[in-house]
*Asks:* 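Below you will find the structure I want to go over with you.
In what follows, chains carry the letters A, B, and so on, assigned in the order in which the sequence lines appear, proteins first and then strands, with residues in each chain numbered from 1. All values below come from the heavy atoms of this structure, side chains included, with hydrogens, waters and symmetry mates left out.
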Amino acid sequence: MRRDDGGRIDRSRVLRFRFDGQEYTGHPGDTLASALLANSVRRVATSVRLGRPRGVFAAGGEEPNAVVQIEEPFPEPMLPATTVELYDGLVASSLAGQGRLAAGPDPARYDAVHAHCDVLVVGAGPAGLAAARAAAATGARVILADDQPEPGGSLLGTRDEVDGVPGADWAAATAAHLEERPEVRVLRRTTVFGYYDDNYLVAVERRTNHLGAAAPAHMARERIWRIRARRVVLATGAHERPIAFAGNDLPGVMLAGAARTYATRYGVLPGRRAVVFAANDGAYAAALDLADAGLDVAAVVDPRPAPGELWAARLRERGVELLSGHVVTAARGDGQVSSVEVSPVSSVSSGGVSSIDADLLLVSGGWNPVVHLYSQSGGTLRHDEAIGTLVPDASTQAVEAAGAARGVFALPGCLADGTGAGARAASASAPARPVDVPRAEEPPEAAPLAYWLVPAADYAGHFVDLQRDVTVADVRRATGAGLRSVEHVKRYTTAGTAHDQGKTSGLLTSAVVAHALGVPVAELGTTTFRAPYQPVSFAALAGRDRGALHDPVRVTALHEWHVANGALFENVGQWKRPWYYPRPGEDMEAAVLRECAAAREGVAAMDASTLGKIDVIGPDAGEFLDRLYTNLMSSLKVGSIRYGVMCRPDGMVFDDGTVIRVADDHFLVTTTTGNAAAVLDWMEEWLQTEWPWLRVHLTSVTEQWATVALVGPGSREVLAGLAPGLAVGVDDFPFMTWREAEVAGVPARVCRISFSGELAFEINVTSWDGLRLWTAIMDTGLVTPYGTGTMHVLRAEKGYPIVGQDTDGTVTPHDLGMSWVVSKKKPDFVGKRSFSRADTMRADRKQLVGLLPEDPDVLLPEGTHLVATGTLPEPPVPMLGHVTSSYRSAALGRTFALALVRGGQGRHGERLYAPVGDALVPVTVTSHVLYDPEGARRDG
Amino acid sequence: MAERRSPAAAYAGRFEAASRGEALRLAELPFLTQINVRVDPSSPAAGDLGDALGVPLPVEPNTAVRAGSGADEVTVAWLGPDEWLVVAPEGYRLELLRKARGDRHGSIVDVSAQRTTLLVTGPRARDLLAHGCALDLHPGVFGPGACAQTTLARAQVVLIPREDGFLVLVRSSFAAYLAEWLLDAAAEYVA
Amino acid sequence: MLLIPCPWCGPREEAEFHYGGQAHVAYPEDPAALSDEEWARYLFFRDNPKGVFAERWSHSAGCRRWFNALRDTATNRIHGVYRVGEPRPVAS
């Protein structure tokens, strides 16, 4: 029911919304929860397991019941209605514990930002504002983050005054002053949800959600803040905790502080006639505020024998009955509270029950400091007997808690605590400046009683976790089954594991366990809290790292041509490499066969720019490479090129590529596309950590150069046409040498190397000139572009392995049939010692072989296992190896494969079987070199 | 005959469109000369290289120096204890540095096409980069005279702050990705 | 996200670094002189303490220098970093 006045809502504007199909109205400043209560909607959810009706229970993010589905403008599941700001056109529905993800893609933008500060203050309640104010006064860089649309925290929900003005006004003025400072940032609607190593905190700012359909499309809907703070002040406040009694889940049972907030902040009375059941003074203030707001408060029921006389007098003034030494034994009603049963503490178990008519039962078992972030930071918690809850203990990072977050609940204490914490936090960065503490009235205080559970014979209706439908009876079943640890009880009962992560139920669960076991709560130990504090959408976490920006796409200088000419692309690491260039009507198989034929019979060209390239420069460059490659590099002549293999110390192949000698003290090393960064790291590692005396410098030049492989018997003629100044004859330009020349008018380094067995040239120009070179080659009209699909077939026909495809970190150069690349002369190189280990000398190691399926049309799937017999024996079936590469060959006129096979080099001619589906496909083992084994085609 | 092409050439129009407001200016500075210099900073060769550049090689980590003007204007950025990046106008004579090194140990490598240079300036330049850079870009911490090799979004970059913004040097193969990223992040500032 | 103090560049985010395993495991002077077992020990055996551990890191997205760090494997606290060739400091 909406009050006629009061609250921080704008009654001059009406917002229309729908909930469960019904039209309602609310006002700016409302949450969905306050608007529903204003419309007297009591049932807002159905419980997940028992199907019981549930109502709004809290007023903040700790809400366990009112978790709703937003339907429009964009579907979003499982949002606490207490955190959804009302906007015009909102459509929501109630849930029974499970939401639904949107079926369509989320059209909104999301982003992230990094921020740095001297002091991060989390929470803009009285303690947080006081802390930010004190820290900012020193000139320190301050960030103040708060999850509400306006600062003030608890001040928004009470009628307390600070410095002689209403608390909310003081909060607004303080925040405004803070925002005027250039080094202070105030973040509203921002929940700090994770606290990680080295004072790294992550928050989510909800920037346009509250605007509904009016949200501007260019603004990120949510933003993740990644904050690195020198010091942190956690002023995260406290959550009120419930008490377990029969029927404590009925709609109408609500936390007392929440009801006070609805009345004060939102101008809403959540019922007509209330009973307050509390064991602490805070609830008295709530009862008085509510009575003043027009709620009929029938009674305050307090198990403490004698609460403070001042409170009692104030209740009397307003005609509210005080039942001290009493408890509520049950809330009764059909679908919602209609009466409350009350009993003296002394006779709870022997009857003596009286009943009070009420539609609202306001509960306060005390307050739990919000210690989640403190615990996430690595700080330990301790059990404070006096307030019956966990409070921060020892910190491991530069953090302190202030105000209610560390158990200081009264307003003057919070203000003083925050001021002190803020000043201390800033003192690490800036000279201290004394700040006066904001003033507030000291309330009368009597010691609170940690009261959790109203004793009963049957606990089946005493709810502990409303969201998981866990009762005291469930917890007692767990302890009855022998569970002694709260962590185990939580797993057994699921208490505390729902969407709300037990914000209201966690400590109650512990207390009920302790009661069942007959031990003090403190003895059960403490909980470790983990991020996120509140659920965060994956879209927010992803930020702009999705779609095309999900992972960097690396492209070569020729990429635009490939796209324009219909190439399909293969991902190689982060690179997009042309895969094949289908002509109209061609599938991949047809295109690759055509491209292969062009390379073997005519001339074809491939963009090879993605290969890693490293300049190795210095007087000791040759020796350095001798230590890393298995073969000798220092003997290479200037102008020549050598293929090389690098192994790890364990003798397994790590990378391969060509090495060209540019000058006496200058080599250029190429690496495989995917390994470029790893090889450079690897080289630096040996150079810096093992051989620092070697005079060598390494510089990556991968993208300095664009590289085009010009391949095929006709390649010499094409090159000659493009480079009239270059002598391209076989004697002038022998295999494995390089020349400087102008190609297509562009300075180039041309290498005579081949990864196909055909006559081939690799032409390198600066990447700025890459497109010019490629266009000139294509403009000859003689050259077929080919992609990695064809490259793979061509090299496999020649038995050239691809590191990472035909090897997997367990393969030596010898296993690849490349003993020739392993120097026997060099005293040592990385990997050498391992080649004389017993394991690497075994005859039955898996070795690279060729496979010819007996049916020349059968294409073996890569990864297929190989077995020895045509019928499978009983498991375990001895596995002989697997297929690493498999293609259709235009040159061979059939399919073929490469495989790693146990003792394969001794099996040539043997028949093996490849299980494909239900069939065992017979294959013949051959040499891995299937095409032109004599190397006759190399020189054209 | 096609012209040479810079890595972010395709983005010139969109950069210009994003630069129309007051908040930001985005542009590629194509074809700058970039030279990777490796030398022992305590060696005579390092001194001679400094003379050739017109400014000593900076030895303080994360710093950059500027010297000269016009065709001789160079920015020398510290990349490592024995590594620098020289950024100079197109046509800057690399041979001068090779000559200064002589046959002493050290390396002078032309990396002009290895990275391209993006200019990000304007009042919101810092805010824009903060969306993807974990460094503290506060002018009091990272202002002119500083430099850093770090990551921006998911690309490695060399960042060189200027009075009015930053030079962002990015590997050529990542230039399109980073251009898309910058334009996407800029949407809020240029709308 | 750890903040790792590169001995050259100062504190940078963990994501800029590559991990290099246990520090001070030198490549053997003369691998050929080692027995298979000794060589296997170099190849495959590393310490895995709970507590302070000397390990190698490379500032791969920054200055590309390898260095050593004393990191507490239980708390992730880095007690010190030192350049290659510098002696291991006494952990605080």
*Asks:* Chain A heavy atoms under 4.5 Å from B:Leu178: which part of the residue, side chain, backbone, both or neither?
*Replies:* neither
*Asks:* Quick one: of A:Arg554, A:Lys576, A:Glu560, A:Arg695, who has the most non-hydrogen atom pairs under 4.5 Å with chain B?
*Replies:* A:Arg554
*Asks:* Checking A:Trp575 against chain B: side chain, backbone, both or neither under 4.5 Å from a heavy atom?
*Replies:* side chain
*Asks:* Which answer fits B:Thr116, side chain, backbone, both or neither, if we ask what part of it has an atom under 4.5 Å from a heavy atom of chain A?
*Replies:* neither
*Asks:* Contact part of B:Val141 toward chain A, heavy-atom cut-off under 4.5 Å: side chain, backbone, both or neither?
*Replies:* side chain
*Asks:* Please state whether the side chain, the backbone, both or neither of A:Thr702 comes within less than 4.5 Å of a heavy atom of chain B.
*Replies:* both
*Asks:* Side chain from CB out, backbone as N, CA, C, O: work out which of these in B:Ala9 comes under 4.5 Å of a heavy atom of chain A, or both, or neither.
*Replies:* neither
*Asks:* Answer with side chain, backbone, both or neither: which region of B:Asp184 has an atom nearer than 4.5 Å to a non-hydrogen atom of chain A?
*Replies:* both
*Asks:* Evaluate the side-chain proximity of A:Val142 to A:Asp118: yes if any heavy-atom separation is below 4.5 Å, no if none is.
*Replies:* no
*Asks:* Should the pair A:His697 and B:His105 be assigned to parallel (<30°), tilted (30 to 60°) or perpendicular (>60°) ring geometry?
*Replies:* parallel
*Asks:* Could you check whether the rings of A:Tyr200 and A:Tyr196 sit parallel, tilted or perpendicular, using 30° and 60° as the cut-offs?
*Replies:* tilted
*Asks:* Between A:Ser700 and chain B, with a heavy-atom cut-off of 4.5 Å, which part of the residue counts as in contact: side chain, backbone, both or neither?
*Replies:* both
*Asks:* Taking every heavy-atom pair that is under 4.5 Å apart, which of A:Ala112, A:Ser767, A:Pro552 has the most such pairs with chain B?
*Replies:* A:Pro552
*Asks:* Taking all heavy atoms of A:Ala676 and all of A:Thr671, pick out the closest pair and write down the distance.
*Replies:* CA-OG1, 3.2 Å
*Asks:* Go through A:Leu698, A:Asp769, A:Asp779, A:Thr766 and name the one with the most non-hydrogen pairs under 4.5 angstrom from chain B.
*Replies:* A:Leu698
*Asks:* Find the one option among B:Ala155, B:Ala187, B:Ser112, B:Gly132 whose heavy-atom pairs under 4.5 Å with chain A are most numerous.
*Replies:* B:Ser112
*Asks:* Determine the sole option in A:Thr556, A:Asn571, A:Val572 for which the side-chain contact (heavy atoms from CB on, under 4.5 Å) test with A:Arg577 is passed.
*Replies:* A:Val572
*Asks:* At a heavy-atom distance under 4.5 Å, which candidate from A:Val696, A:Ile617, A:Leu549 has the highest pair count against chain B?
*Replies:* A:Leu549
*Asks:* If you look at every heavy atom in A:Ala621 and A:Asp665, which pair is closest and at what distance?
*Replies:* CB-O, 4.3 Å
*Asks:* In terms of heavy-atom pairs under 4.5 Å, which option from B:Ala185, B:Ala10, B:Pro7, B:Ala176 contacts chain A the most?
*Replies:* B:Ala185
*Asks:* Shortest non-hydrogen contact from B:Ser6 to B:Phe31?
*Replies:* N-CZ, 3.6 Å
*Asks:* Of the listed residues (B:Asp82, B:Asp103, B:Leu135), which shares the most heavy-atom pairs with chain A below a 4.5 Å separation?
*Replies:* B:Leu135
*Asks:* Under 4.5 Å heavy-atom distance to chain B, tell me which part of A:Ala220 shows up: side chain, backbone, both or neither.
*Replies:* both
*Asks:* Do B:Ser43 and B:Arg104 come within less than 4.5 Å of each other through their side chains, counting heavy atoms only?
*Replies:* no
*Asks:* Is it the side chain or the backbone of A:Val765 that comes within 4.5 Å of chain B heavy atoms, both, or neither?
*Replies:* neither
*Asks:* Counting only heavy atoms closer than 4.5 Å, note whether A:Arg228 contacts chain B via side chain, backbone, both or neither.
*Replies:* neither
*Asks:* Can you tell whether the side chains of A:Arg141 and B:Asp136 come within less than 4.0 Å, N to carboxylate O?
*Replies:* yes
*Asks:* Do you know which of B:Ala153, B:Ala175, B:Cys133 has the most heavy-atom pairs with chain A at a distance under 4.5 angstrom?
*Replies:* B:Cys133
*Asks:* Top residue by heavy-atom pair count (under 4.5 Å) with chain B, among A:Arg226, A:Arg109, A:His114?
*Replies:* A:His114
*Asks:* Can you tell which part of B:Val109 gets under 4.5 Å to a heavy atom of chain A, answering side chain, backbone, both or neither?
*Replies:* side chain
*Asks:* Quick one: are B:Phe15 and B:Leu183 in side-chain contact, heavy atoms under 4.5 Å?
*Replies:* yes
*Asks:* Does any heavy atom of chain B fall under 4.5 Å from the side chain of A:Val555, the backbone, both, or neither of them?
*Replies:* both
*Asks:* Restricting to non-hydrogen atoms, name the atom on B:Pro41 and the atom on B:Ala46 that form the minimum distance, rounded to 0.1 Å.
*Replies:* O-CB, 3.5 Å
*Asks:* Which atoms form the tightest heavy-atom contact between B:Ala64 and B:Ala146, and what is the distance?
*Replies:* CB-O, 3.8 Å
*Asks:* So, are B:Glu73 and B:Arg66 salt-bridged, with charged N and O less than 4.0 Å apart?
*Replies:* yes
